[in-house]
Amino acid sequence: MLIELKGVNKTYNNGQPLHVLKGIDLQIDKGEFVSIMGASGSGKSTLLNILGILDNYDAGEYWLDGTLIRDLTETQAADYRNRMIGFIFQSYNLIGFKTAVENVELPLFYQGVPRKKRRQMAMEYLDRLGLKDWATHYPNEMSGGQKQRVAIARALITRPRIVLADEPTGALDSKTSVEIMELLQQLNREDGMTIIVVTHESGVANATNKIIHIKDGIIGAVEENLSHTSSPFGADTIMK
Amino acid sequence: MRDIFQDIFSSLWQNKLRTALTGFSVAWGIFMLIALLGAGNGVFNALLSNSGTMDRSMVIYPQRTGKPYAGYEKGRRIRLDVKDVEFLESEMFADHVDEVCPVVQQMDSLVYGDRFMNVELIGLTPVFQQIQNVQIAAGRFINELDGRDRRKVVVLGTTEAEQLAGAGNDPSRLVGRQVRIGSFSWQIVGLAKSDESMGGGSPQLYAPYSTVSLIYGKDNEIPQVFFSFKDLDTDEESEKFESAYRSVVNSHHSAAPDDENTLYFWNRMSSSRQMDKVTRILRTALWILGLFTLISGIVGVSNIMLITVKERTHEFGIRKAIGARPASLLKLVITEAVVITAVFGYVGMFLGMVANQIMDKTLGDAPIDAGIVKITMFVNPTVGLDVAVKATLLLIIAGTLAGLIPAWKASKVKPIEALRAE
């Protein structure tokens, strides 16, 4: 198992204690393309933060590729994030004063990869995502879809074990959303990349191979969705 | 490192006005520091160049007795005589006394052609030249032979020489001429540069001690004795020597053996030591003043960096999410603070040195005429390479200090909260 969660609990203590995750048990294998679906407040973002080692948990165990992720120092957490996890965010989270290629190569900078090598790899990834001509553009000179593809390139450049996508299409129109999801599908199929998408949109979830429903801090149904018929983009929803 | 600098440059370039304002406060601080130190150096250099007398020398001035003794009242004037000078030259003090120069003075009138002036004849020995740092402009100073043969020779000050020679004539042509002083004819053997910082009084003419003493009968009325000394390196040693000589003089003049008021010793070495001390204190004071100015600049940088860190919380969150260690953010922010302080500090340092050069060109070496004395206020008002190096180190330390708190804040940014920001 690539990812294994056993009884993970998380409580936020901001005045009123808020028990967000109430014992999550979850297993995700290498090469899976999974979506975690739930309404807002269901705990899916908290789960994603824990999976991404951005946040810690109170009880239980989280094993990532055979390593127990618990009680890490900030530096260790940073190193694990850098080497094992690629992030894709709803709001892209590119650094505004850096060009596309500089944004993509940033994770390698924190690995201490030499400058030339870094630039060359970043260009390769941008090329793969069809953004070679946009390499020297700044984020505010690109469209939403292009920015998200830069972010995907940045997530992939360290060859992480898992890619975590938090509402990757949340800020995109439906046409671009489909393109981005197709891109993720392709990455999963061709490179065998393990991808976990957190979303509340059924259309996005439907593009994945497995849908994990989360509700009130507990894993609910787990749907196999290899046929991608559960809920296509635009169907049964007001949005998109 | 290159990447860090590129990073910093692009983030500074984003906020040009802010960078410029922050930089200005640092540049101003260093500018003030350098300008102050340069001006201070100018004053100190001027003080040093105005004296220039031999360090290892003393002047003895006879005073009045401080207590009644042997039937004499208190307050009796002591007059040094030849015997006292001989004591000083004797074996008794040979360990410390090098060369002795008794000095006698006599007012008289000088006549040269149709010109006339009242002058003060100073009778002295050749060592006076080294002790008082007399600069010869033409001819020579009084020498040993003049003294031995009691020659009637004088050395004239350049100012007087110009007056005697008259306008348009070269004063150095006076060397070798005869002038009449009192009822005797004297030969001018040299011209000494007039010391304008001494000021006042009648023109002074240097002549051999033995001649002046003989002509005017000054053997028992020596108002000053100059001498150069050796092996008196501390104040204690000097005091010991002074009281030893004083007791010899006291017994010669029937004053109480323990009377400390009879002689006054002006020890140039200890005064120059004191001078050094004062100079050091003043210099430290200037550094402190400059540093305080600089501190306001540092606080400014720190303040701006805090705002910057706050504004860049989101960016730091992204960096952390993709694997930036806290230490690397710490380094980034501190380097940014150091770069701002160093770059603008250097600008300030450069401008400060330019200001020093301007001071040097306008005020430097220009004597200030205070009526009877002329004093050079500023000599070479610049700072040396050592100050530049110190200031550089200071800037780097200052930059690090300025960046410390903001950097610590940046490194403590929680990635989830930071990503939520915006």
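Residue numbers begin at 1 in each chain, while the letters A, B, ... track the order of the sequences.
- Contacts between Leu94(A) and chain B at a heavy-atom distance below 4.5 Å involve the backbone alone (N, CA, C, O).
- Heavy-atom contacts from other residues, nucleotides or ligands closer than 6.0 Å to CZ of Arg159(A) number 12 or fewer.
- Few gaps surround NZ on Lys16(B); more than 12 heavy atoms of other groups in view lie less than 6.0 Å from it.
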Discussion item. Arg154(A) vs Ile318(B), test: side-chain contact (heavy atoms from CB on, under 4.5 Å). Steps then yes/no.
Written reply: CA-CA 12 Å; Arg154(A) 184 180 65 183; Ile318(B) 299 169; 3.5 Å; yes
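- The stretch residues 26-33 of chain B places none of its residues near chain A, where near means some heavy atom under 4.5 Å from a heavy atom of that chain.
- Below 4.5 Å, heavy atoms of chain A meet heavy atoms from Arg319(B), Lys320(B), Ala321(B), Ile322(B), Gly323(B), Ala324(B), Arg325(B), Pro326(B), Ser328(B), Leu329(B), all part of residues 319-342 of chain B.
- The local environment of CH2 in Trp408(B) is sparse, with at most 12 non-hydrogen atoms from other residues, nucleotides or ligands closer than 6.0 Å.
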Worksheet item: Going through the distances and angles, do Lys414(B) and Glu74(A) end up as a side-chain contact (heavy atoms from CB on, under 4.5 Å)?
Response: CA-CA 10 Å; Lys414(B) 285 247 176 292; Glu74(A) 283 229 41; 4.3 Å; yes
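- Heavy-atom neighbours of Leu72(A) CG from other residues, nucleotides or ligands within 6.0 Å: above the threshold of 12.
- Within 6.0 Å of CZ in Phe292(B) there are 12 or fewer heavy atoms belonging to other residues, nucleotides or ligands.
- Residue Tyr80(A) does not touch chain B at all, counting heavy-atom pairs closer than 4.5 Å.
- Heavy atoms closer than 4.5 Å to chain B are found in both the backbone and the side chain of Phe97(A).
- For the atom pair Ile416(B) CD1 and Asp55(A) CG, the distance stands at 3.5 Å (nearest 0.5 Å).
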